[in-house]
Amino acid sequence: MQLHNTLSGQKEVFVPQNPDRITMYVCGPTVYSFAHIGNARPAVVFDVLARLLRRRYPHVEYARNITDIDDKINAAAAKEGVEIGVIAARYAAAYHEDLAALGVAPTDHEPRVTEHVPEIIAMIERLIASGHAYAAEGHVLFEVKRYAGYGELSKRDLREMLAGARVEVAPYKKDPGDFVLWKPSTPDQPGWESPWGRGRPGWHIECSAMAETLLGETIDIHGGGIDLAFPHHENERAQSVCAHGGKVFARYWLHNGFLTMDSEKMSKSLGNVLLVKEIRKHAPGEAIRLALLTGHYRQPLDWNDEALADAKRKLDRLYGALRDAGDVAASEAQAPAAFFAALEDDINTPAALAELFEIVRTLNKSEDPAEKARLVAELRDAGSVLGLLQQTHQQWFAHGANDDAISEAEIEAALVARLAAKAAKNYAEGDRIRDDLKTRGVLIEDSKDGQRWRRA
RNA sequence: GGCUCGAUGGCAGAGUGGUGAUGCAGGGGACUGCAAAUCCCCGUACCUCGGUUCAAUUCCGGGUCGAGCCUCCA
């Protein structure tokens with residue numbers, strides 16, 4: 001398997017440090033509001049990678065954190081007059097709901113920062129003891145100059161960066177590039193007792209501490225959105241490497257590309273944030289998932305209505321083939337080698353998807369029961385690696401029944417009437433019924449097994 | 001301004017130093033009462049200018065355009 005490593009800027013052969021225990025850490029959300037579609041991309045992409053790894057290795061440990069202490073959460077809690085735990089619990093639950101709808105499997109670990117504060121404090125103490133961090137005015141800062149490798153991951157030269165820095169430099173910093181590991185809390189802010197007084201962790205240290213606790217000092221794969229490369233991952237790497245006596249922190253750094261809305265970055269200030277829970281009202285989660293896998297994970301992906309509609313039509317074809325195959329014998333057949341080869345080439349989902357459609361074309365043509373059974377099994381198996389095609393075709397074609405949609409009973413009644421009209425050779429009436437259903441979002445097809453319908 | 005990445009047919013989107021993935025849309029045919037679904041056939045696609053090469057969409061350099069990071073961000 002080959003994976004593109006941000007650190008080297010190249011595809012590298014993936015060689016786990018221990019084939020009996022693959023470790024992967026992906027940066028999860030800060031739970032202060034609902035997830036938008038951009039948040040869903042890394043969750044889906046790394047879910048596919050985890051599924052693939054689980055096919056290849058006996059034991060994969062995948063951790064994705066939930067950051068539940070953060071100033072944005074504090075602000076939301078203060079605004080509502082509730083504990084931060086209330087805010088965090090609410091949006092963590094919403095996050096889980098969104099991911100479940102997108103077919104994202106639960107991770108092996110889902111650490112929360114509030115549950116790992118002692119480990120965070122311990123790591124900061126080690127960084128101070130080794131001379132990589134210093135305390136000042138209730139803060140603890142990481143001293144960037146003490147880590148020669150700083151900037152390697154995000155390909156930045158620290159001095160150049162600081163020359164053009166627009167950030168106001170806090171007076172307690174020795175160097176403008178130093179970043180906070182621990183900061184003091186006022187009495188009304190959430191805080192924990194520490195050797196530096198009551199305070200809370202800075203933004204980057206939690207991932208270092210939790211990855212170490214759950215997965216060890218050196219992990220195989222670290223993933224996240226490309227925007228996290230700097231400063232978050234650069235800082236994480238600096239902390240971890242220095243806390244571990246120079247050991248490699250993450251052996252492969254993977255970053256997914258950004259999602260744009262009509263070619264523009266999704267951001268609150270632009271007002272073009274699209275929430276997953278909103279999209280789910282208009283589209284099946286599986287279509288959203290497929291839309292996210294349509295492009296290669298490192299490429300930017302433009303999100304628009306057309307992309308989603310396109311994904312729906314693709315699933316119509318995929319599930320249509322499964323439907324038309326009829327009842328087939330059970331088969332142990334697995335996805336074809338070309339499918340796995342595509343995914344093992346840096347998670348090339350578009351190429352893998354193309355293999356799915358190759359299977360479909362062959363399946364639609366096949367007359368041989370044994371071949372059909374094999375192809376159906378191959379299709380389902382390939383789908384399971386991508387997290388697709390796990391419903392029945394009936395479930396898929398009945399999707400999208402909102403409250404105001406026509407009920408199945410009404411559809412069935414209309415079908416009976418149409419059948420009667422056709423039997424009486426009253427085609428005008430039969431076509432009228434079909435057209436009527438079409439305007440109500442239901443498409444009728446006549447097959448050799450009788451009438452069938454699906455929601456558009 | 002610095003850095004990173006990209007530019008493929010009507011749209012989306014892989015890939016490759018020399019036989020035009022895949023899906024949608026579109027055209028023709030088969031099937032159908034008519035459709036739909038399905039099957040078969042159909043596209044002189046690789047931003048631009050130079051260079052390397054027997055051969056470049058693919059490698060190298062310049063340009064133009066686009067996205068992102070440098071500040072919270074997936």
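First the proteins, then the strands, lettered A, B, ... as listed; each starts at 1. Because the structure is a prediction, the values reported are computed rather than measured.
- With a 6.0 Å cutoff to the six-membered ring centre and a 45° limit on the axis angle, A:R156 counts as a cation-pi contact of A:F230.
- A:F397 carries A:R323 over the face of its six-membered ring, with the cationic atom under 6.0 Å from the centre and within 45° of the normal.
- Side-chain contact of A:S384 with A:R55: a donor-acceptor pair under 3.5 Å is present, judged by distance alone.
- The distance between atom CE of A:M261 and atom P of B:A74, rounded to the nearest whole Å, is 17 Å.
- A salt bridge links A:D446 to A:R418: one of the charged nitrogens lies within less than 4.0 Å of a carboxylate oxygen.
- Between the P atoms of B:C5 and B:G10, the separation comes to 29 Å (whole Å).
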### Summary
5' to 3', nucleotides 4-12 of chain B under a 4.0 Å protein heavy-atom cut-off (B base, S sugar-phosphate only, - none) gives --S-----S

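- The partner of B:A37 cannot be assigned: no Watson-Crick or G-U wobble pair with both contacts below 3.5 Å exists in any strand.
- The residue A:L356 sits apart from the nucleic acid: no heavy atom pair falls under 4.0 Å.
- When the C1' atom is used for both B:G43 and B:C31, the distance is 25 Å, rounded to whole Å.
- The separation between A:L343 atom CG and B:G15 atom P is 12 Å, rounded to whole Å.
- Comparing atom distances between the A:F357 side chain and each of B:G23, B:C69, B:A67 picks out B:G23 as nearest.
- With hydrogens and angles left out, the side-chain atoms of A:D346 and A:Y297 include a donor and acceptor closer than 3.5 Å.
- Contacts between residues 93-113 of chain A and RNA chain B, defined by a heavy-atom separation below 4.0 Å, involve no residue at all.
- Screening A:V44, A:I347, A:I288 for a side chain to side chain contact (heavy atoms under 4.5 Å, CB included) with A:L293, the sole residue that qualifies is A:V44.
- Of all nucleotides present, only B:G62 satisfies the Watson-Crick or G-U wobble test against B:U48, with each distance under 3.5 Å.
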### Task
Test side chain to side chain donor-acceptor pair (under 3.5 Å) on A:T186 and A:D188 and set out the steps.
CA-CA 5 Å; A:T186 57; A:D188 57 313; 2.6 Å; yes

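- Taking atom P on both B:G18 and B:G26, the two are 34 Å apart, rounded to the nearest angstrom.
- The gap from the C1' atom of B:G17 to that of B:U58 amounts to 6 Å, rounded to the nearest Å.
- In terms of heavy atoms, A:L301 sits closest to A:A291 at CD2-O, 3.8 Å.
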### Query
Using a cut-off of 4.0 Å between protein heavy atoms and nucleotide atoms, how would you tag nucleotides 28-40 of chain B 5' to 3' with B, S and -?
-----BBBBSSSS

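- Of all the heavy atoms in A:Q239 and A:H204, the pair that sits closest is OE1-O, 3.4 Å.
- Counted by atom type alone, A:E206 and A:H116 present zero donor-acceptor pairs between their side chains at under 3.5 Å.
- The nucleotide B:U32 finds no pairing partner, because no Watson-Crick or G-U wobble arrangement with both distances shorter than 3.5 Å includes it.
- Remark: the separation of the P atoms in B:G63 and B:U19 is 31 Å, to the nearest Å.
- Within 4.0 Å of A:H36, counting heavy atoms only, lies at least one base atom of the nucleic acid.
- Rounded to whole angstrom, the span from the CG atom of A:L259 across to the P atom of B:A74 amounts to 13 Å.
- A salt bridge does not link A:K312 to A:D316: none of the charged side-chain nitrogens sits closer than 4.0 Å to a carboxylate oxygen.
- Take the nearest nucleotide of RNA chain B for A:L228 and for A:D345: the residue whose nucleotide is more 5' is A:D345.
- Comparing atom distances between the A:A354 side chain and each of B:A21, B:C24, B:C69 picks out B:A21 as nearest.
- Judged purely by distance below 3.5 Å, without hydrogens or angles, the side chains of A:E236 and A:Y25 never pair a donor atom with an acceptor atom.
- With both ends at atom P, the span from B:C46 to B:U4 equals 29 Å, rounded to whole Å.
- Atom P of nucleotide B:G2 and atom CZ of A:F230 are separated by 18 Å, given to the nearest angstrom.
- In this structure, CG of A:L315 is placed 15 Å from C1' of B:U22, rounded to the nearest angstrom.
- Comparing the C1' positions of B:G66 and B:U8 gives an interatomic distance of 15 Å, to the nearest angstrom.
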### Task
Evaluate the criterion side chain to side chain donor-acceptor pair (under 3.5 Å) for residue pair A:W453 and A:E408; output intermediate values, then yes/no.
CA-CA 10 Å; A:W453 60 273; A:E408 291 192 26; 5.8 Å; no

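- For the P atom pair drawn from B:A37 and B:A74, the interatomic distance equals 41 Å after rounding to whole Å.
- At the heavy-atom level, A:R41 lies nowhere under 4.0 Å from the strands shown.
- A donor-acceptor pair shorter than 3.5 Å cannot be found between the side chains of A:Y32 and A:N74.
- Rounding to whole angstrom units, CD1 of residue A:I359 and C1' of B:U22 are separated by 13 Å.
- In this structure, B:G68 and B:C3 make a Watson-Crick or G-U wobble pair, each of the two defining distances being under 3.5 angstrom.
- One interatomic measurement links the two molecules: CG of A:L388 to P of B:U22, which rounds to 19 Å at whole-angstrom precision.
- Going from atom OH of A:Y297 over to atom P of B:G68 covers 20 Å, rounded to whole Å.
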